[in-house]
2 protein chains.
Amino acid sequence: MATSTTRTKRGKGRDKAAPARPTQKDIALAAGVSQAAVSLVLNKAETPSVPPATRTRILEVAEGLGYRPNHPARMLRSARTMTFACVIPDITNPFYPGLVRGLQAVAAPAGYDVLIFDTDGRPEREARAIDWLLQGRADGVVATFFHLRAPQLAVLARKGIPLVRLESQHKPDGPLAIDSVYIDNAEAAAEMTRLLIARGHRRIAMIQAEFGPSQRRAQGYGAVMREAGLTPDFITDSAYSEESGARAMKRLLERKGERPTAVFGASDVLALGAMEAARSAGLSIPGDIAIAGFDDIPVAKLLGLTTVRQPEFDLGALAAETLVRRLQPGGLEPPGKSHELKFEIMKRSSV
Amino acid sequence: MATSTTRTKRGKGRDKAAPARPTQKDIALAAGVSQAAVSLVLNKAETPSVPPATRTRILEVAEGLGYRPNHPARMLRSARTMTFACVIPDITNPFYPGLVRGLQAVAAPAGYDVLIFDTDGRPEREARAIDWLLQGRADGVVATFFHLRAPQLAVLARKGIPLVRLESQHKPDGPLAIDSVYIDNAEAAAEMTRLLIARGHRRIAMIQAEFGPSQRRAQGYGAVMREAGLTPDFITDSAYSEESGARAMKRLLERKGERPTAVFGASDVLALGAMEAARSAGLSIPGDIAIAGFDDIPVAKLLGLTTVRQPEFDLGALAAETLVRRLQPGGLEPPGKSHELKFEIMKRSSV
DNA sequence: TTCGCTTAGTTATACGTATTATTAAAGCAA
DNA sequence: TTGCTTTAATAATACGTATAACTAAGCGAA
């Protein structure tokens, strides 16, 4: 008797007895054709060189074996991952899930998946994201960077990975495939500040974060304040979190001198933290202190927060469309364009 | 003059003038060694067969060319994607971002990325997720399925892809690598119902969703109600969304007969929708009607919603740990285990 | 008959990496 | 000198797919 050690193929010893997924080779073997024939039938709707009979036989065998194309192999061969990366500070900030859905809404029908990379708004994590993207994990990127600037990002475009930045202002066209989508953050903040002034507020403070879109928003606020002959009053905390917002508000309330009558949070999450701190200090909103935010995250409506609406879903969808078009053969060419969407002031009960 | 058409290598014509990313071959060429030597130096800390001088030369050249390993190629060669998939109904439901962060917190240090797949709680999308996973896009999965049951999921484990389900109750150990993490949803809902009864409520309605964890929660509620001699009052809407919650509450308020004095939403998002509908009907909370939820999403605290706290971050982290351990060579073996975490009743102002 | 065309495929190669097997050269002992 | 060991590598192969290039058989037309 021959010692026919029928080893299960590809038994790397790594996966214990996991039956390998069938490949085109397996189908070819079972259908009595070559691997190339299988690939042709599986990928092309019309195959002049494969007669219908063979075609159906191959398809039946594939179906029978439960064949699924091997994604890594496809990626390698075609140099396309069919994946978009979404690089954002923090998925738990309610602004971003909406953005992601917008992205997915356009990406999925075009055959792209979406990978999330959280940077926590930290420079070293942003750098890691770039490194990670250079490994060819995604065909395109939608990203918010707080720290990296154009020179550091250019490497992506140079390697053929289009990038759409979520920006806070218009960017001039550049020679690379770096696009941006934005609402005019400075103007939006200016308009909100005008609203506060129109409501009779004179002492208006702004709670800022150290990095990110807060900067442009602060500019808009500062300009309008000075125009109106008022003194801008900035209070800065580190991050876009409720804790930061609450901390900033607390510091505001502990200051000597007259309390501001209105507080403008550079983001809704900051504003929510501020609201909480104000409430637990026994202040009523808007009676004792008015509060405004920025983003219009879903809860803003529930809490009656007056804020600036950013169309996050549309921003995501537009970003994805841009990527899809750039990746189409013969698609969009440089220069990178800056695309503006409209904001809206949502007047609610907190002001 | 020779017509030396120095074509840029790998010019597929697809990417317009994008300089190709350098490969190990390029490094080898530049360093005057073989590709194999490059691979060895780049991957092993100790290389007995490569002397220090050559080693540093290779590393320098790699650094100089800005080499980044090609992820797809690695995946193909090693049959590992270093990616976890997170299959959830909807990333905009604030319960999930926290889960994702928990996942990432454990996955990232272990070298795994996290890919998000939204199913919208629809059966066909769940089926697509399975198909998609069978293409070898992820090494492991953390998932919430509303529709698919064990038999449909078994294929994953059989192909060597471990799965951790986010469950609503204990699951018996099975022969496959399918684990679960859960809090005891029925008991949690029971406890919440007891709280409502203790506060003097007798007519307590529950707003349910058609599928998902709502079922087990309803069981806990129903059992306690009947035990207390009260009649369970279910009102069902389709999804876990504010719209569904608001719609259900509206239907409740339009009913003939006595209005319930308390409403238990099967999830916080449902409860929030119900709160809004109640408020716009002119009812005060909890004066006219008490409202409770389930999940303890971040806003619940801000809105004073009494709810059941699920440790979403910990659930995600635990799920990831389980996957990491199963994927370690010589790691966890079947059977799949069910792991319980503790819930907590968060008493706030809405009850 | 010979040429050319169609049919039905097949063979060969490449994508970039990891790893196993192999080897050429040098050094040293018997 | 022969044989053996060590050093420093290289060559070959495989992972699964897509595709360009090729071919063998059969048939009709010139």
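FYI, side chains are in, hydrogens and waters are out, and symmetry mates aren't considered; it's all heavy atoms of this structure. Just so we're on the same page: letters track the sequence lines, and every chain starts at 1.
The side chain of A:Ser34 has C:dT11 as its nearest neighbour among D:dA18, C:dT11, C:dA8. Closest to the B:Gln35 side chain, of the nucleotides C:dT11, C:dA8, C:dA18, is C:dA18. When distances are taken from the side chain of B:Arg77 to each of C:dG16, D:dA18, D:dA8, the shortest belongs to C:dG16. For B:Asn70, the listed nucleotide lying nearest its side chain is C:dT17; candidates were D:dT17, C:dT17, C:dG9. Listed candidates were C:dT19, C:dT17, C:dT10. Nearest to the side chain of B:Leu40 is C:dT19. Listed nucleotides D:dT10, C:dT19, C:dG16 differ in distance to B:Val33; the shortest reach to its side chain belongs to D:dT10. For B:Leu76, whose side chain is taken as the heavy atoms from C-beta onward, the closest listed nucleotide among D:dC15, D:dT17, C:dA18 is D:dC15.
The CZ-C1' distance, from A:Arg74 to D:dT19, rounds to 14 Å in whole Å. Look at CZ on A:Arg80: it is 16 Å from C1' on D:dT17, rounded to the nearest Å. The nearest whole Å value for the distance from the NZ atom in B:Lys25 to the P atom in D:dA12 is 14 Å. Counting to the nearest Å, the C1' atom of C:dT17 and the CD atom of A:Gln135 are 13 Å from each other. Rounded to whole Å, the distance from CD on A:Gln24 to C1' on D:dT19 is 12 Å. D:dT17 atom P lies 9 Å from atom CG of A:Leu42, rounded to whole Å. Whole-Å rounding puts the B:Asp26 CG to C:dA14 P distance at 15 Å. Taking atom CG of residue A:Leu134 and atom P of nucleotide C:dG16, one finds them 15 Å apart after rounding to whole Å.
Remark on DNA chain C: of its neighbouring residues A:Val50 and A:Ala36, the 5'-side contact belongs to A:Val50, judged by nearest-heavy-atom nucleotide. Both A:Pro69 and B:Gly32 lie close to DNA chain D; mapped to their nearest nucleotides by heavy-atom distance, the more 5′-ward contact belongs to B:Gly32.
Across all strands, A:Pro72 comes closer than 4.0 Å to no nucleic acid atom at all (heavy-atom distances). Heavy atoms of B:Pro48 sit nowhere under 4.0 angstrom from any nucleic acid atom.
Between A:Ser39 and the phosphate of D:dA18, there is a side-chain N or O to OP1/OP2 separation shorter than 4.0 Å. Phosphate proximity of C:dA18 to B:Lys44: absent, as no side-chain N or O sits under 4.0 Å from OP1 or OP2. Taking only side-chain nitrogens and oxygens, B:Thr54 comes nearer than 4.0 Å to OP1 or OP2 of D:dA9.
Residues B:Val106 and B:Tyr112 have side chains not in contact (no heavy-atom distance under 4.5 Å, counting atoms from C-beta outward). In this structure, the side chains of A:Val324 and A:Arg326 stay at 4.5 Å or more apart for every pair of heavy atoms. Counting heavy atoms from C-beta on, the side chains of B:Arg55 and B:Thr47 come closer than 4.5 Å.
A salt bridge links A:Arg137 with B:Asp113: the distance from a Lys NZ or Arg NE/NH1/NH2 to an Asp or Glu carboxylate oxygen falls below 4.0 Å.
A distance of 11.5 Å separates CD1 in A:Ile161 from CG in A:Leu153, rounded to the nearest 0.5 Å. The CG atom of A:Leu103 sits 12.0 Å away from the CD1 atom of B:Ile116 when rounded to the nearest 0.5 Å.
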